[in-house]
Number of protein chains: 2
Amino acid sequence: MISPTEENYLKALFALSQNKDGVTANELSKHLDIKMPTVNSMMKRLADKGLVNYESYKPFSLSVEGKRRAALIIRKHRLTEMFLVQKMGFEWDEVHPIAEQIEHIQSDIFFEKMDFLLGYPHTDPHGSPIPSLEGELPIIINKKLSDCIVGQEVTFNAVSNSSPEFLKFLKDKKMALGLSFTIVNIEDYDGSVDIKIQDLPKVTLSKIVSDKILVV
Amino acid sequence: MISPTEENYLKALFALSQNKDGVTANELSKHLDIKMPTVNSMMKRLADKGLVNYESYKPFSLSVEGKRRAALIIRKHRLTEMFLVQKMGFEWDEVHPIAEQIEHIQSDIFFEKMDFLLGYPHTDPHGSPIPSLEGELPIIINKKLSDCIVGQEVTFNAVSNSSPEFLKFLKDKKMALGLSFTIVNIEDYDGSVDIKIQDLPKVTLSKIVSDKILVV
DNA sequence: AATATTTGTTAGATTAGTCTAACTTATTGT
DNA sequence: ACAATAAGTTAGACTAATCTAACAAATATT
């Protein structure tokens, strides 16, 4: 058996090892806001359970089984977020803390029902992919808005950060997933991006924002 | 703050003190399947928090605030059961273990959304009343089928026991809440009850069953 | 009423998950 | 290359929630 606490460590390892080999004790400690010795002893425990690869003074990594478990927790989290938005009338900036709790519910049928009722979605409300029941995470080929070039027409496909503040900001700016727009200018000085949505007046997005907007 | 474990003790106290003044350590211990010394120290902790009245060698009772808290947990449990059945397609014998976990989710808005989507129901799928947001439990005037007399026409309104086995038994016998029927005979010898639903052939229910069926 | 049994309490141990303080190993900067 | 700094580890303490063993109080039985 695996406790909610242990699940949270696996999830953090998974999230921090995207585009990277290992995760350092320091990174994990900061990300979870838990002191290093605590992280350390938990890593040893998860290593004993065969979910983490642990070698003294080296970064940690998930074992194949650990990776699968982590993906399944993320699956439950993202299905829950989608369910809260699509079936319960929540806004996309309200769902994270609730999903954070519901992802630990132990009932396969509960999440299967959600999946069915949602019509087997591939992404959550923030455009993040939902891992399969086998723990496979489909790779989605989004790029940062800040890496695009002037003149391109792109579609807003996902956000790379789901903090309530950022999501609220986008909601207030009427920026929703699926929205298509043209890049009319990128400011050399501060990297801010001007976009134009059909005939509406152009909107300026700072680099801080355009870094977190993923488009296709 | 109050932990899920503490919530479970409050719920148990509430359930066991229906139609009774206090709850003994022994009863609680058996009901929760937790040893007496553990129950004892938890009662002291809840007494420190002002939720339980504790006096050495006397039965425990909930304080006014403890009673309110307990009712709110039961509210979350019952709303969840109703949501699982009405909105997610579960059967009434499947929902208890899931609701047992979801009742501890900390998010008022989550349960308010459920309540709204369900149209503010007054009972759960087993006919048990849902406490109000103020922690008030409406009293419903059901009586046991086994206490009725021959010739009465009654409506199946609730069950007094929600074990999956019993609920499955009723489901297989096509006995659902809201069903009306006439009591055609009560056997003196074993207390079994014969009922007749419209023109269908009569059904015999043992005393064990008719004790747990509540009608109006 | 005296004793036996059941019920309740206290004491001490255990595991999970956290911390701080102290120490060790790695990395970095001159 | 070596000292300074950062990162990782070990040791020891704490709280929550559980247990067993031993003791005390209440209740039941003869």
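The analysis underlying the following values was restricted to heavy atoms, covering all of them including side chains, and did not include hydrogens, waters or symmetry mates. Every chain is numbered from 1 and lettered A, B, ... according to where its sequence line falls, protein lines coming before strand lines. Only a predicted model underlies this, so the values are computations on that prediction, with no experimental measurement involved.
Between Y54(B) and dT9(C) there is a side-chain polar atom (N or O) within less than 4.0 angstrom of OP1 or OP2. Between N26(A) and dA6(D) there is no side-chain N or O to OP1 or OP2 distance below 4.0 Å. Between K44(A) and dT10(D) there is a side-chain polar atom (N or O) within less than 4.0 angstrom of OP1 or OP2.
Scored by the side chain to side chain contact (heavy atoms under 4.5 Å, CB included) test, N185(A) finds E187(A), D194(A) as partners (sequence neighbours excluded). Scanning for side chain to side chain contact (heavy atoms under 4.5 Å, CB included) contacts around I186(B) gives V150(B), I183(B), V193(B), with sequence neighbours left out. Scanning for salt bridge (Lys or Arg N to Asp or Glu O under 4.0 Å) contacts around D172(A) gives K168(A), with sequence neighbours left out. Checked against side chain to side chain contact (heavy atoms under 4.5 Å, CB included), P131(B) has the following partners two or more places apart in sequence or in another chain: A71(B), I74(B), R75(B), L137(B). For L118(B), the side chain to side chain contact (heavy atoms under 4.5 Å, CB included) partners are L79(B), M82(B), F83(B), Q86(B), K87(B), P121(B), not counting sequence neighbours.
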Could you list, one pair per line, each protein nitrogen or oxygen that sits under 3.5 Å from a nitrogen or oxygen of nucleotides 22-24 of chain C, together with the distance?
none

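The distance between atom CG of L46(A) and atom P of dA16(C), rounded to the nearest whole Å, is 12 Å. Remark: P of dC23(D) and CG of N40(B) are 18 Å apart, rounded to the nearest angstrom. Atom-to-atom, NZ of K35(A) to P of dT20(C) comes out at 5 Å; the value is rounded to the nearest Å. The interatomic distance linking I2(B) (CD1) with dA16(D) (P) rounds to 13 Å, in whole Å. In this entry the distance linking NZ of K58(A) with P of dG8(D) reads 13 Å, nearest Å.
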List the atom pairs, donor and acceptor, that lie under 3.5 Å between side-chain atoms in residues 9-17 of chain A and the rest of the protein, sequence neighbours left out.
unit_1, atom_1, unit_2, atom_2, d
K11(A), NZ, E100(A), OE2, 2.8
K11(A), NZ, E103(A), OE1, 3.4
K11(A), NZ, E103(A), OE2, 2.8
S17(A), OG, L13(A), O, 2.6
S17(A), OG, F14(A), O, 3.4

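Contacts between residues 3-21 of chain B and DNA chain D, defined by a heavy-atom separation below 4.0 Å, involve S3(B), T5(B), Y9(B), listed by number.
Counting only heavy atoms from C-beta outward, the side chains of K212(B) and S160(B) approach each other to under 4.5 Å.
Applying the salt bridge (Lys or Arg N to Asp or Glu O under 4.0 Å) definition to pairs two or more places apart or across chains, those involving residues 118-147 of chain B are R78(B)-D124(B).
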